[in-house]
Each structure stands twice: as structure tokens, then as C-alpha cells.
Amino acid sequence: MAKIINVIKGTKDILPQDIDTWQFMEQQALEVFNRYGYKEIRTPIIEATELFARGVGDTTDIVNKEMYTFEKSEKSITLRPENTAGVVRSFIENGMTRQTFPVKLWYKGPMFRYERPQAGRQRQFHQVGCEMFGIKEPSADAEVILTAASYLKSLGLDNLTVEVNSLGCPTCREKYKQRIKEVLKPEFENLCEDCQARYEKNPLRLLDCKVESCQKIFEKPEIKSVIYSDFICEDCAEHYSKVKEYLKQAGVVYSENKLLVRGLDYYNRTVFEIKSNNLGSQNAVCGGGRYDSLVENLGGESVPAIGWAMGMERLFSLIQKNPSPKLDGFVVSNYTPYALMLTQELRSKGLCVEFDMQNKKFTKQLEKAAKLAKYAIILGEDEIKNNTVSIKNLETSTQINVKREDVLKTIKG
RNA sequence: GCGGGUGUCGUCAAGUGGUUAAGACCUCGGAUUGUGGUUCCGAUAUACAUGGGUUCGAAUCCCAUCAUCCGCCCCA
């Protein structure tokens, strides 16, 4: 035999036995987001590398070491590692700035990141996400989080933890960074290697380091007081408290996590995550936040925006799975042409029906019917002669003879 | 990029140096020549990740490679 070819590391087939659940996720997305006023947008899977360098940020891990990038006709092209940058690009390029605000867009599709695969992490994975443009008021933040919560609820996922935080605006965040750097300066030598690098590149990300020795340093009172201080400016603080107020009024249970720092550079003010306890170490189902300067950074006008993305594989592993439904009927007959005709007739009426194309023995066909279908539709010599069929309920073993045109009525009630 | 675990039929899984490598599920056939799901019998002609090594002898011990899973990191 020839050598078999395997899937690429970190990628997976979505197999027929799982497709019902995937289609369910997609169907719920369509319905819920439509209700919330979102329109689907489909952007290319490949984009100019520069889009991600400028959009996601070149200090992020995603851009630094996780992108699938290749050259074609002297252009640098990258498989999208996330879709916010692509949506923003399209928003600008297609003049959506001139549409009535808010502009609400949702997407779903594969993303690519060159990372070491593990539980809840693949190199090709799927995200579903929402982006809302044009509203700077905190009501937008609350609505966007509500949209996420509604979608999760529609999937039967209720008991998830919503965490929120505010990163402030570029001005107050910069001050905060400086204060963190100052207070940690004496301890610099004691920080782990990663943290030393973060100290320069993005001090905000020092905070969620899990190395014990670093955590001990962060626990020191004088340092802790800086880390946990309310650094955000008055405007940001007011925005943040409004968001929380709205969430409370909408009945969203959330907790504040001051260490919730997103690894993407474009976020400002509100950031949030929705987590599960049943996912192992990759426990975030949803991550998002406000990105008021991204549109401008990518060459558009200054348009505020906010959005989130969910990992569909992670959702998949949390969703209650239902067994695939059985066929409505299986035509059992040793008269193949008649069986074919009856099958076609029933299908045209909307039933899911199969027949035995191999014309096996009657018992074999019935056995197959019992395995695959709710009803056996028996078509023998007598039935053909009288223009009837015998319908056997394969669960209750009751069998009745009905007129051919009454099959639909009998099966569907 | 760094750690740790694991690789035996399509799937699950026994077997820890010694004749033809259990078993179960799935699939297919038969018992049952127009009535299934239970039961019984049988079949799938060479499944020990790959390549080396140790040994009289390796699925079993050692090394390497590959794959996969888990953790760090980061994120969805």
C-alpha cells in the first residue's frame, strides 16, 4: 500500500459525527447576531503581512513568532491569525465610515497561528466574532458583552465567568507603565527572563506572569499597591463605571480582574474575557475589548470600535452533544426500481429516506433499516400491486399498511 | 522556543524478554429461502510508530527520530 498522508500538525478534520454541533454553533450565531443587528462579513484568509504588523501590533507574540507568512511576487502575505484587523481593513477600504453608526459586523472562520498545539489550542482553529464601529459611549461596551453572553446562552452555556477590566486610554496607561517600571526597578535582576523582556516591551504584561518568584515580588506591599492602584484617568474611570453599571442592570454577573491584560496592542479602556473551568489551561472562551484607535492607525478616520472573538473549538468542547438524528425512513424492498422511485417520491416530500442499493436479502435490509431509521417502509409484491406500503415503527415494532400517498402523514404525524 | 507523558487492527484495550500477540466494539457473512433490535457461529490472509542497538531470543530493555497528548509561554 502507498504511504498515507496525515493532517498537518495542529490542524484537525471536523468529522461528520461532529458536524451537527458545528452547524448548530453557526446557526445560533446567525440567529442571535441577526437579532442584535449584526451583518456577517467574510474577509479573505490571506492579507498583507503589514496589516497584522500595524493592526495587531509588532510587540505581540502573535505577530512576532506565530504568523504563517510567505512571499509571493515580492509581496509578503500572511494567513490571518485573527480577524479584527481584516474587518477593520475592509471597513476602511469600503467606506463604511459613511454608513449610519453603529456599523455592526460579525464573522466566523479559520485562523492560523504557529504555536505548539495543546488542549484547546490548534494551529488552524476557528473563531466567531463581532465588531461594532462608531460608538464611543459605554452603552456600546455593555451591549457588545451582552451579545456575547446571549450567544453563549443560546448554545446552552450559562455558568461561565465574565471578567472585565479597564486598560485606560493611551495617556493614563503610559503613566501607569512608568510607575510600574519605577517600582520594579530595584527588583529587575530578580525577575524571570520573560519578565525582564516584558519590562521593556510591554510592562502591562508583567502582571499575569505565573512564575512563583515573580509572583512573590508582585506580592510585596509597595509593589502590589502600585499594581492594584486605580491608575486610569477620570474620563476612563467614568466610562468604566458606566459599563459596570449597565452590565449590572442587564443582569450580567461579572467579576473585575485588574490583571486582565490583553496581549493585543490595540485594546484600550474596556477589556473582557469569558472563561470556563472545564477547559484545562486554555480556559478563555471569549476575549475582547475596545479598540478606539485601530481604525485611525490603519489609515481610516478616527472611529471608535469594540469587539470580541470566541474560539469555536473551545465552545465545541463545552457544548452538550446530541446524537445525530436517524433517517425518517428506510425503504425495504427487493424490487429495486420501485424502491428507488418510492425513495425519490418521499424525498421530494421532504423526508430523509434511503433504500438498499445492493438489493440484499430482506432480513438484511430490515436490519439496516433498524440501525439507521425510525421507520421501515416496506414495499413488497402485494404493496406494489395495491399501491400501498407497509410502515413499521422500528421502536415499537408496530406495523400498519397505508396508502402510498399517506406515508408522509403517517410518519410525520 | 522549553519541560513531561504516551505510541499494539478502523476504535478501545490485555500483554513488562521465551512457542501461532488475548479480548471487546465496529464492519461483513451465516444460523433465520418477506420481518430487525436479543442470542449463537464465522470472517476481515502478516496491529506491536520508524530506524538502530543490547540479547541465544525484544511489543517488552537502551538510543535516536517521528507523531500525538499535557504543561510553560501566549491566546480563542
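Order of the sequence lines fixes the chain letters, A, B, ..., with proteins taken first and strands second; residue numbering starts at 1 for each chain.
- Comparing A/Lys364 and A/Lys392 against RNA chain B, the residue whose closest nucleotide sits nearer the 5' end is A/Lys364.
- For the pair A/Thr396 and A/Ile8, both in contact range of RNA chain B, the more 5′-proximal nearest nucleotide belongs to A/Thr396.
- A/Gly129 comes within 4.0 angstrom of nothing in the nucleic acid, heavy atoms only.
- Summarising the geometry, the separation between NZ on A/Lys275 and P on B/A76 is reported as 12 Å, rounded to the nearest angstrom.
- When the C1' atom is compared between B/G17 and B/A76, the two are found 49 Å apart, to the nearest whole Å.
- Atom CG of A/Asn278 is separated from atom P of B/A76 by 20 Å (rounded to the nearest Å).
- If you check every strand for non-hydrogen atoms under 4.0 Å, A/Leu315 touches nothing.
- B/C66 sits 26 Å from B/A14 when the C1' atoms are compared, rounded to a whole Å.
- Nucleotide B/C56 forms a Watson-Crick or G-U wobble pair with B/G18, both donor-acceptor distances falling under 3.5 Å.
- For A/Gln399 against B/U35, a side-chain N or O and a base N or O form a donor-acceptor pair under 3.5 Å.
- Residue-to-nucleotide contacts include no donor-acceptor pair under 3.5 Å from the side chain of A/Lys361 to the base of B/G34.
- Across the P atoms, B/G53 and B/U46 are found 27 Å apart, a figure rounded to whole Å.
- As a whole-Å value, the separation of A/Leu394 CG from B/U35 C1' is 10 Å.
- The partner of B/U39 is B/A31, by the rule that a Watson-Crick or G-U pair needs both atom distances under 3.5 Å.
- Distances from the side chain of A/Glu115 to the nucleotides B/A76, B/C69, B/G34 place B/A76 closest.
- Under the 3.5 Å distance criterion, with hydrogens and angles disregarded, a donor-acceptor pair is assigned to the side chains of A/Asn334 and A/Asn359.
- When each of A/Lys371, A/Lys368, A/Arg347 is paired with A/Glu354, the salt bridge (charged side-chain N to carboxylate O under 4.0 Å, His left out) condition holds for A/Arg347 and for no other.
- Counting only heavy atoms from C-beta on, A/Lys360 has its side chain closest to B/C28 among B/C69, B/C28, B/C73.
- A/Glu82 comes within contact range of no nucleotide atom at all, as no heavy-atom separation falls under 4.0 Å.
- Within 4.0 Å (heavy atoms only), A/Ala369 reaches no atom of the nucleic acid at all.
- Across all strands, A/Gly287 comes closer than 4.0 Å only to sugar-phosphate atoms, never to a base (heavy-atom distances).
- Note: NZ (A/Lys9) to C1' (B/C69) measures 10 Å, nearest angstrom.
- The aromatic rings of A/Tyr291 and A/Phe133 sit perpendicular to each other, their planes meeting at more than 60°, with 30° as the lower class boundary.
- The residue A/Lys108 sits apart from the nucleic acid: no heavy atom pair falls under 4.0 Å.
- B/U16 and B/C26: their P atoms are spaced 28 Å apart (whole Å).
- A salt bridge is absent between A/Lys242 and A/Asp141: the closest approach of a Lys/Arg side-chain nitrogen to an acidic carboxylate oxygen does not fall below 4.0 angstrom.
- At a threshold of 4.0 angstrom between heavy atoms, the contacts of A/Gln122 include nucleobase atoms, whether or not backbone atoms are also involved.
- Counting heavy atoms from C-beta outward, A/Ile400 and A/Ser390 have side chains that stay 4.5 Å or more apart.
- Contacts of A/Glu395 with the nucleic acid, taken as non-hydrogen atoms under 4.0 Å apart, include base atoms.
- Rounded to whole angstrom, the span from the NZ atom of A/Lys371 across to the P atom of B/C25 amounts to 13 Å.
- Here, B/G23 and B/U68 have their P atoms 32 Å apart, quoted to the whole Å.
- In this structure, A/Asp265 atom CG and B/C74 atom P are separated by 14 Å, rounded to whole Å.
- The separation between A/Ile378 atom CD1 and B/G34 atom P is 13 Å, rounded to whole Å.
- Here A/Lys364 does not pair with A/Asp356 in a salt bridge; the nearest charged N to carboxylate O distance is not below 4.0 Å.
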Trace of the ring pair (Phe, Tyr, Trp, His ring centres under 6.0 Å) decision for A/Phe33 with A/Trp106: CA-CA 7 Å; A/Phe33 300 152; A/Trp106 77 275; 5.2 Å; yes
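- Across B/G29 and B/G36, the matching P atoms stand 16 Å from one another, rounded to whole Å.
- In this entry B/U68 has B/G5 as its Watson-Crick or G-U wobble partner, both defining distances falling under 3.5 Å.
- Comparing B/G71, B/A76, B/G36 by their closest approach to the side chain of A/Ser397 singles out B/G36.
- Not a single donor-acceptor contact under 3.5 angstrom links the side-chain atoms of A/Arg116 to the base of B/C72.
- Straight-line distance between the C1' atoms of B/A47 and B/A59: roughly 10 Å, to the nearest whole Å.
- Note on ring orientation: taking the six-membered ring where Trp is involved, the planes of A/Tyr68 and A/Phe112 are perpendicular (angle over 60°, cut-offs 30° and 60°).
- Contacts of A/Gln118 with the nucleic acid, taken as non-hydrogen atoms under 4.0 Å apart, include base atoms.
- Here the P atom of nucleotide B/U27 and the CD atom of A/Gln358 are 14 Å apart, to the nearest Å.
- Taking only distance into account, the side chain of A/Glu66 never meets the base of B/C74 through a donor-acceptor pair shorter than 3.5 Å.
- Look at A/Thr363 and you won't find any side-chain N or O under 4.0 angstrom from OP1 or OP2 of B/G34.
- Between the P atoms of B/G52 and B/C40, the separation comes to 45 Å (whole Å).
- A 3.5 Å limit on both hydrogen-bonding distances identifies no Watson-Crick or G-U partner for B/U46.
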